[in-house]
Amino acid sequence: MGWLVLALLTSNQSAAKKYYKHVDENGITHYSDQPPKDTDTFESWQVRPEDLEYEVKVINRGTKQSPVFYAVNYYHGPVEVFIEFTRSHNVTANPPWPASYVVPANSELYLSTIKPIDKYQSWSFQYNISSTLGDPRAVHNGNHVYKLPFVGNKHYIISQGFGGKFSHFDAQNKYALDIAMPEGSAVLAARGGVVMDIAEDFYDGGIDVKKLQRGNYIRILHDDGSMAIYAHLQLESVTVAKGQRVTAQQKIAQSGNTGFTSGPHLHFAVQVNDGLQLKSVPFLLQHKSGEAKVPKVGPI
């Protein structure tokens, strides 16, 4: 009989929590899951449990004796899935592994059937899965001019630009912008598309590495297959839904200070799937004058 190991990240849901915010006598803001002891002046709210489970799953629609694998994609955009044997004995995959598949939005895709080479002998296998958002065949339109992701009469500064030394040095963020703006500022779509994914249940931020995956965001899929990420958004401030089509300059959320951040700002980047790796790409931004420019640190 065959046996297998599936490498996917999952998390157990827990009961909703209540969080508290108060400002001490020195003007420092504190967040906690317990009410402050020395004051009755604080804000509180219920937060839904964070669901960190991947939106892509590989399931066996056959039996243990004759596995038939499908990928199920719950994202509102395509996902690339790569699957390979890490250990195999007397088995074959049809179609063969290793293999990459592009699973369309909100769909399932047949991957492969596993069978013993010699059904009269014992057989076993282990396999591993990796996945990346987006279609690797997509080609970003580098000439597209992106609108300002905020209300045009506001005066904000790009505090960290392309290749920024604080946090814009990896492939996903090399061509990202950090736009300093107060918490609660309106965030607008810089380009139209479909809301692919949302996270809005995180409530605080800081430069602790534990907060790298604890920021609120919206991911929007563009018609050319590229994706925009709007990050560090305010708790429960998203005004659009997964799967909704939005237009350029439509309000989508409010800026915040959640996740890995040293202060309130909007993190904005355009990304593509480059061989099972999210990679940011340079883009043009339409400034208030109407001129399309490569964005740089300083006033917009």
Side-chain angles (χ1 to χ4, degrees), residues 1-15 48-139 170-172 194 196-199 201 209-210 212-214 217 219 221 225-227 229 242-243 271-280:
M1 181 180 294
W3 57 281
L4 50 93
V5 174
L6 177 62
L8 285 180
L9 173 67
T10 60
S11 65
N12 294 323
Q13 290 191 347
S14 57
R48 297 186 302 273
E50 298 91 357
D51 182 6
L52 298 181
E53 187 174 4
Y54 281 140
E55 298 288 342
V56 180
K57 298 179 180 179
V58 171
I59 59 176
N60 178 11
R61 293 203 183 280
T63 66
K64 290 183 178 180
Q65 290 72 31
S66 182
V68 180
F69 289 109
Y70 284 77
V72 183
N73 176 16
Y74 296 102
Y75 285 106
H76 292 269
V79 175
E80 182 182 14
V81 174
F82 176 77
I83 190 165
E84 62 181 342
F85 286 121
T86 57
R87 180 180 176 184
S88 62
H89 170 67
N90 188 33
V91 295
T92 181
N94 184 25
W97 291 351
S100 290
Y101 309 84
V102 177
V103 189
N106 300 299
S107 69
E108 61 178 54
L109 181 71
Y110 168 71
L111 303 181
S112 193
T113 299
I114 310 299
K115 293 182 178 180
I117 297 173
D118 182 349
K119 65 181 180 180
Y120 298 107
Q121 300 294 323
S122 64
W123 56 282
S124 63
F125 66 98
Q126 292 176 297
Y127 67 101
N128 186 61
I129 300 164
S130 54
S131 63
T132 301
L133 301 174
D135 187 336
R137 301 165 298 188
V139 179
D170 63 334
Q172 292 189 36
V194 174
M196 185 172 179
D197 193 28
I198 291 170
D201 291 339
V209 292
K210 294 180 180 179
L212 280 171
Q213 303 299 325
R214 298 182 64 82
Y217 66 85
R219 179 176 294 276
L221 174 69
S226 64
M227 299 164 285
I229 184 77
K242 292 181 182 180
Q271 299 173 331
V272 296
N273 176 353
D274 182 28
L276 281 170
Q277 180 185 26
L278 275 181
K279 182 180 77 172
S280 59

Trainee: Restricting to side chain to side chain contact (heavy atoms under 4.5 Å, CB included), what partner residues turn up for Q277, sequence neighbours left out?
Mentor: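 Partners of Q277 by the side chain to side chain contact (heavy atoms under 4.5 Å, CB included) criterion, ordered by chain and then number, come out as A171.
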Trainee: If you take all heavy atoms of P136 and V102, which pair is closest and at what distance?
Mentor: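 For P136 versus V102, the nearest heavy atoms are CD-CG2, 3.8 Å.
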Trainee: For M196 and G134, which heavy atoms make the closest approach, and how far apart are they?
Mentor: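 In terms of heavy atoms, the two residues are closest at CE-N, 4.1 Å.
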Trainee: Quick one: closest heavy-atom pair of N60 and P67, and the distance?
Mentor: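 Looks like OD1-CA, 3.3 Å.
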Trainee: With respect to Y127, which candidate in F85, F69, F82 satisfies the ring pair (Phe, Tyr, Trp, His ring centres under 6.0 Å) definition?
Mentor: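 That would be F69.
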Trainee: Would you give the length of the straight line joining atom CG of L111 to atom CH2 of W97, rounded to the nearest 0.5 angstrom?
Mentor: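 The distance works out to 7.0 Å.
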Trainee: In Å and rounded to the nearest 0.5 Å, what is the NE2 to CD1 distance from H89 to I117?
Mentor: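 Answer for the NE2-CD1 pair, H89 versus I117, is 9.0 Å.
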Trainee: Of all the heavy-atom pairs spanning V272 and S226, show the shortest one and how long it is.
Mentor: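 For V272 versus S226, the nearest heavy atoms are CG1-CB, 4.0 Å.
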Trainee: Please check if the distance between the ring centroids of Y70 and Y110 is under 6.0 Å.
Mentor: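 Yes, ring centres under 6.0 Å apart.
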Trainee: Counting N and O atoms only, with roles assigned by atom type, does the side chain of Y217 sit under 3.5 Å from a partner on the main chain of I229, one being a donor and the other an acceptor?
Mentor: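 No, because the side chain of Y217 does not come within donor-acceptor range (under 3.5 Å) of the backbone of I229.
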Trainee: Tell me whether N90 contacts the main-chain N or O of P116 through its side chain, where contact means a donor paired with an acceptor under 3.5 Å.
Mentor: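 Side chain of N90 to backbone of P116, a donor-acceptor pair under 3.5 Å: no, none is there.
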Trainee: Mind jotting down which residue pairs meet the salt bridge (charged side-chain N to carboxylate O under 4.0 Å, His left out) criterion with at least one end in residues 91-120? Sequence neighbours excluded, please.
Mentor: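 For residues 91-120, and leaving out neighbouring residues, the salt bridge (charged side-chain N to carboxylate O under 4.0 Å, His left out) pairs sorted by first residue read R61-E108.
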Trainee: Should L133 and Q271 count as side-chain neighbours, where that means a heavy-atom distance under 4.5 Å?
Mentor: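 They are not in contact (no side-chain heavy atoms under 4.5 Å apart), so the answer is no.
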Trainee: Got a donor-acceptor contact below 3.5 angstrom from the S112 side chain to the P95 backbone?
Mentor: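 Checking the backbone N and O of P95 against the side chain of S112, a donor-acceptor pair under 3.5 Å is found.
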Trainee: Can you confirm whether Y75 sits close enough to V103 that some side-chain heavy atom of one is under 4.5 Å from a side-chain heavy atom of the other?
Mentor: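 In short, these two side chains do not touch, never coming nearer than 4.5 Å.
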Trainee: When rounded to the nearest 0.5 angstrom, what is the spacing between NZ in K57 and CD1 in I129?
Mentor: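 Reported value, rounded in 0.5 Å steps: 12.0 Å.
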Trainee: Check G77 against L221 and note the closest heavy-atom contact, atom names and distance.
Mentor: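 Taking G77 first and L221 second, the nearest heavy atoms are CA-CD2, 3.9 Å.
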Trainee: What residues, two or more places apart in sequence or in another chain, satisfy side chain to side chain contact (heavy atoms under 4.5 Å, CB included) together with N106?
Mentor: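 Testing N106 for side chain to side chain contact (heavy atoms under 4.5 Å, CB included), a comparison that skips the adjacent residues, returns H76.
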Trainee: Quick check for you: to the nearest 0.5 Å, what is the distance between I83 atom CD1 and Y101 atom OH?
Mentor: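 Between I83 CD1 and Y101 OH, I get 6.5 Å after rounding to 0.5 Å.
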Trainee: Minimum heavy-atom separation for L278 and T132, please, with both atom names.
Mentor: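 Answer, listing the atom of L278 first, then T132: N-CG2, 3.8 Å.
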Trainee: If you measure from CD1 on I114 to OG on S88, what distance do you get to the nearest 0.5 Å?
Mentor: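 Taking CD1 in I114 and OG in S88, the distance rounds to 9.5 Å.
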Trainee: Can you tell if the side chain of N73 reaches within under 4.5 Å of the side chain of P104, non-hydrogen atoms only?
Mentor: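 A side-chain contact under 4.5 Å is absent here.
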Trainee: So, taking the atom named CZ in R219 and the one named CD1 in I198, what distance separates them when rounded to the nearest 0.5 Å?
Mentor: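 It is 12.5 Å, given to the nearest 0.5 Å.
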